[in-house]
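Contents: one structure, followed by commentary.
In what follows, every chain begins at residue 1, and chains take the letters A, B, ... in the order their sequences are listed. All values below were derived from every heavy atom in this structure, side-chain atoms included, with hydrogens, water molecules and symmetry-related copies excluded. Remember, predicted model here, so these are calculated numbers, not experimental data.
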2 protein chains.
Amino acid sequence: MSSISVLAELPQLKRRTLADTAYEALADLLASGRLTPGDRLSLRQSAAALGVSVMPVREAVSRLVADGVLEVAPTRAIRVPVMTAQDFRALAETRMAIEGMAAARAAERRSESELTAIRRAEAAFRAEAASAQPDSARAVRLNRDLHFAIYAACGLAPLQEIIARLWLKAGPVINLDLRAHPERLRHGYALRRHAEALAAIEARDGPVAAAALAADIREATDFILSRGGLRDG
Amino acid sequence: MSSISVLAELPQLKRRTLADTAYEALADLLASGRLTPGDRLSLRQSAAALGVSVMPVREAVSRLVADGVLEVAPTRAIRVPVMTAQDFRALAETRMAIEGMAAARAAERRSESELTAIRRAEAAFRAEAASAQPDSARAVRLNRDLHFAIYAACGLAPLQEIIARLWLKAGPVINLDLRAHPERLRHGYALRRHAEALAAIEARDGPVAAAALAADIREATDFILSRGGLRDG
DNA sequence: GCTAGTGATCTGTGATCACAGCTCCGCAGA
DNA sequence: TCTGCGGAGCTGTGATCACAGATCACTAGC
């Protein structure tokens, strides 16, 4: 054992493999909606685009498949799953339940610094939505930042990972719709729910925070479903 | 289109790769506690044991690593993570929240056939626990069957997948403890909570079902933590 | 004109090889 | 007794090759 006990405080530095990088690259494509439901993916083409061999891409894709974010058809084609309306509704209900719960916990246990981070994220999203020419991609990212600032305050790391996976799964559908109908941003639904959530978190009111988050998700889901872009199962 | 319309009723037969099989084999080792926290794993040795090349094992391991069920140390060693007491408590709290919620939904929406399945699973576990010489491994499996019979009745497929992942993560710790202290089975804690949950599901009482499941998880967790087998973080 | 067949090409899956880096063990030096 | 130093034997990671099976454009036959 070294006598320099300060070394014990050093964080374990984690190894970054090419597969990790490939995973993030693909996840970003999905979360930002640049890969939309039904899109196909080729290992070799993706590998060429990333400048690596197929191996790292393979590993990344197999993780995404395990998460249900991608799927490989019996025909050996990798593609973004096309969800039925029922699938999407079940996913939304799961999100409402889990993210609502995370928001409730966040409201009850948030620290001052976490509250500050949430306030800042809310303001950033509000500013973007209120701007003369809102940038969809930027708004999506800021919305995500706000939600995860809230979930980060819930104090349960496993819960945050679960939510991140759910977002990855819902990402393609949500972003596809947002691209087709960017005007929803102006309606201010999300803004109202965000304000409600922020107020509830400030007041340490768990149930109200949960209700606000759930309403945010429900309204976005209903909007998308009302468009009829998803087929029935 | 073929004129034999019956063909439309055929189910999509899903491809089973060696990687899938390897994943299940490893997951079973973890869920049943034959791999315990701290155990190391070698790709080549695992591959040899399974009679395949390293490739399928690699893919399976990378999925388990993504799930947090295995980890690769910076030293390039694959092992079952050793959770701190805090980690385990956070995992348990997450489980209580999520599985409680699933149980509540199950109570409210269960069909008669689902209720029958739950009754049968509860009786099977009770019979095993009451037997003269309870088989730990068998009891663990029956306990799992009962829990998942309940969650299957919640009607949300994404939620079930999430719970399955959480169980895989908690499996090694729980089973390790159960092997060391099989006497807990006789105390009947689990039996009481199971009976409460079953009664609540029969009565379609969501909150009580959630409370019973949460209590089941909490008691098992407290028992394990009281043993002091987990180091602090 | 439409269907069935055919071959070139591309797909994911699996096996194998190459390699940098770690562990372990014995040995030499203080 | 402890420390430092190699070298052999591992490790996971990545690249490459082999292969069965699918796709797609195209043609022959009705």
Side-chain angles (χ1 to χ4, degrees), chain A residues 1-4 7 10 12-26 29-30 35 38-82, chain B residues 1-5 7 10-26 29-30 35 38-82:
Chain A
M1 183 62 73
S2 162
S3 62
I4 315 179
L7 293 180
L10 286 177
Q12 290 267 329
L13 37 93
K14 59 184 174 189
R15 182 177 298 274
R16 273 192 74 77
T17 66
L18 288 181
D20 292 333
T21 312
Y23 178 88
E24 285 177 20
L26 291 178
L29 286 184
L30 288 157
L35 277 176
D39 278 3
R40 292 218 317 229
L41 213 61
S42 155
L43 288 185
R44 286 172 175 85
Q45 287 175 23
S46 308
L50 289 168
V52 295
S53 85
V54 298
M55 278 296 322
V57 181
R58 228 171 120 168
E59 214 173 294
V61 165
S62 87
R63 286 187 217 167
L64 290 165
V65 168
D67 288 348
V69 180
L70 290 178
E71 69 178 10
V72 332
T75 148
R76 286 189 172 170
I78 301 169
R79 45 178 194 143
V80 184
V82 290
Chain B
M1 186 63 74
S2 164
S3 63
I4 313 177
S5 61
L7 294 180
L10 286 176
Q12 289 267 331
L13 39 92
K14 58 183 173 188
R15 179 178 301 273
R16 274 192 73 79
T17 66
L18 289 182
D20 293 333
T21 312
Y23 178 88
E24 285 177 21
L26 291 178
L29 286 185
L30 288 157
L35 276 176
D39 279 2
R40 291 216 317 226
L41 213 61
S42 155
L43 288 185
R44 286 173 175 82
Q45 288 175 22
S46 309
L50 289 168
V52 295
S53 85
V54 297
M55 276 297 323
V57 181
R58 229 171 118 168
E59 215 172 294
V61 166
S62 86
R63 287 187 217 168
L64 290 165
V65 168
D67 288 349
V69 179
L70 291 178
E71 67 179 10
V72 334
T75 148
R76 285 188 172 170
I78 301 170
R79 43 176 197 147
V80 184
V82 291

For residues 65-78 of chain B, which side-chain donor-acceptor pairs fall under 3.5 Å, sequence neighbours excluded?
unit_1, atom_1, unit_2, atom_2, d
B:D67, OD1, A:R165, NH2, 3.0
B:D67, OD1, B:R165, NE, 2.8
B:D67, OD2, B:Y23, OH, 3.4
B:D67, OD2, B:R165, NE, 3.4
B:E71, OE2, B:R79, NE, 3.4
B:E71, OE2, B:R79, NH2, 3.0

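When the side-chain nitrogen and oxygen atoms of B:T75 are compared with OP1 and OP2 of C:dT23, one or more of them lie within a distance under 4.0 Å. In this model, the phosphate group of D:dT11 is approached by a side-chain N or O of B:S42 to a distance below 4.0 Å at OP1 or OP2. Contact annotation: B:Q45 side-chain N/O to D:dC10 OP1/OP2 distance is not under 4.0 Å.
Taking atom CZ of residue A:R79 and atom C1' of nucleotide C:dT11, one finds them 14 Å apart after rounding to whole Å. Nucleotide D:dG12 holds its P atom 14 Å from the CD atom of B:E71, rounded to whole Å. The distance between atom CG of A:L43 and atom P of D:dA15, rounded to the nearest whole Å, is 13 Å. For A:R40 and D:dA22, the CZ to P distance is 13 Å, given to the nearest whole Å. Distance CG (B:L70) to P (D:dG12): 11 Å, rounded to an integer number of Å. Spacing between atom CG of B:L41 and atom P of D:dT11 amounts to 11 Å, rounded to whole angstrom units. Here the C1' atom of nucleotide D:dG21 and the CZ atom of B:R16 are 19 Å apart, to the nearest Å. Put simply, CG on B:L18 is 13 Å from P on C:dT16, counting in whole angstrom units.
Here B:V54 lies in heavy-atom contact (under 4.0 Å) with a base.
Under the 4.5 Å side-chain criterion, counting only non-hydrogen atoms from C-beta, B:S46 is in contact with B:L41. Here the side chains of A:R58 and B:R58 are not in contact, with every heavy-atom distance at 4.5 Å or above.
Minimum interatomic distance between A:A47 and A:S53 (heavy atoms only, all atoms of both residues): CB-O, 3.4 Å.
Put simply, the side chain of A:R58 and the base of D:dA15 share no donor and acceptor less than 3.5 Å apart.
Distance check: A:L30 CG to A:D39 CG gives 9.0 Å after rounding to the nearest 0.5 Å.
When each of A:A77 and A:M55 is assigned the nucleotide of DNA chain C with its nearest heavy atom, A:A77 is the one assigned upstream, toward the 5' end. Positionally, the nearest nucleotide of DNA chain C for B:S53 lies more toward the 5' end than for the other of B:S53 and B:R44.
Taking only side-chain atoms of B:R76, from C-beta outward, the nucleotide of D:dT13, D:dG21, D:dG14 with the closest atom is D:dT13.
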